[in-house]
Amino acid sequence: MKKVFLGLAVMASLLVVSCKETTQDKVEDATEAVGNEVENATENAGKEIDSAATEVKEDVKDAATEVKEGAKDAAAKTAGAVENAAKDVKEAAKK
């Protein structure tokens, strides 16, 4: 009877050990899969950041160009107004 119980105990322990190996393999596979997903997500995030940075750079450049053009227009209008005011002062001084 002891031999039967010992035999069953040995078989049970072998089954537990073999299940553990299978479980370990599954856990290892799952860990690798998660690692790959994290790596892919990180790469995609890096690409998105680069793309966004490029867009922001272009938008800032466009905005700077618009400001520069606006400043030129304002300077031209101001110069014209100053000239007109100077003419008015000269004419008023002549009278």
Side-chain angles (χ1 to χ4, degrees):
M1 192 74 142
K2 287 183 180 180
K3 290 182 181 180
V4 172
F5 284 123
L6 286 175
L8 289 174
V10 169
M11 288 181 64
S13 65
L14 288 175
L15 289 174
V16 170
V17 170
S18 65
C19 288
K20 285 184 179 179
E21 288 177 17
T22 304
T23 304
Q24 288 175 354
D25 290 342
K26 287 181 182 179
V27 169
E28 187 176 314
D29 291 343
T31 302
E32 288 177 16
V34 169
N36 290 337
E37 288 294 322
V38 169
E39 184 179 344
N40 290 337
T42 303
E43 287 177 15
N44 290 339
K47 289 177 185 176
E48 290 294 323
I49 290 169
D50 288 344
S51 176
T54 301
E55 272 185 47
V56 168
K57 181 180 177 181
E58 290 173 4
D59 289 346
V60 168
K61 186 177 179 180
D62 291 343
T65 301
E66 288 178 15
V67 168
K68 186 177 179 180
E69 290 173 2
K72 284 181 183 179
D73 290 343
K77 288 178 183 176
T78 302
V82 169
E83 285 179 20
N84 289 338
K87 286 179 186 177
D88 290 344
V89 169
K90 282 184 182 179
E91 288 179 18
K94 287 181 184 178
K95 292 182 183 180

[X] side, atom [atom1]; [Y] side, atom [atom2] - distance, nearest 0.5 Å:
{"X": "Lys57", "Y": "Asp62", "atom1": "NZ", "atom2": "CG", "value": "12.5 Å"}
{"X": "Asn44", "Y": "Glu39", "atom1": "CG", "atom2": "CD", "value": "10.5 Å"}
{"X": "Glu32", "Y": "Glu28", "atom1": "CD", "atom2": "CD", "value": "5.0 Å"}

- Task: Using modelled atom types only, decide if a donor and an acceptor are shared between the side chain of Thr65 and the backbone of Lys61 within a distance under 3.5 Å.
- Result: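 Judged by distance alone, yes, a pair lies under 3.5 Å.
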
- Item | Qualifying residue, where the test is side-chain contact (heavy atoms from CB on, under 4.5 Å) with Val56 and the options are Thr54, Asp59, Val60 |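 Result for side-chain contact (heavy atoms from CB on, under 4.5 Å) with Val56: Val60.
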
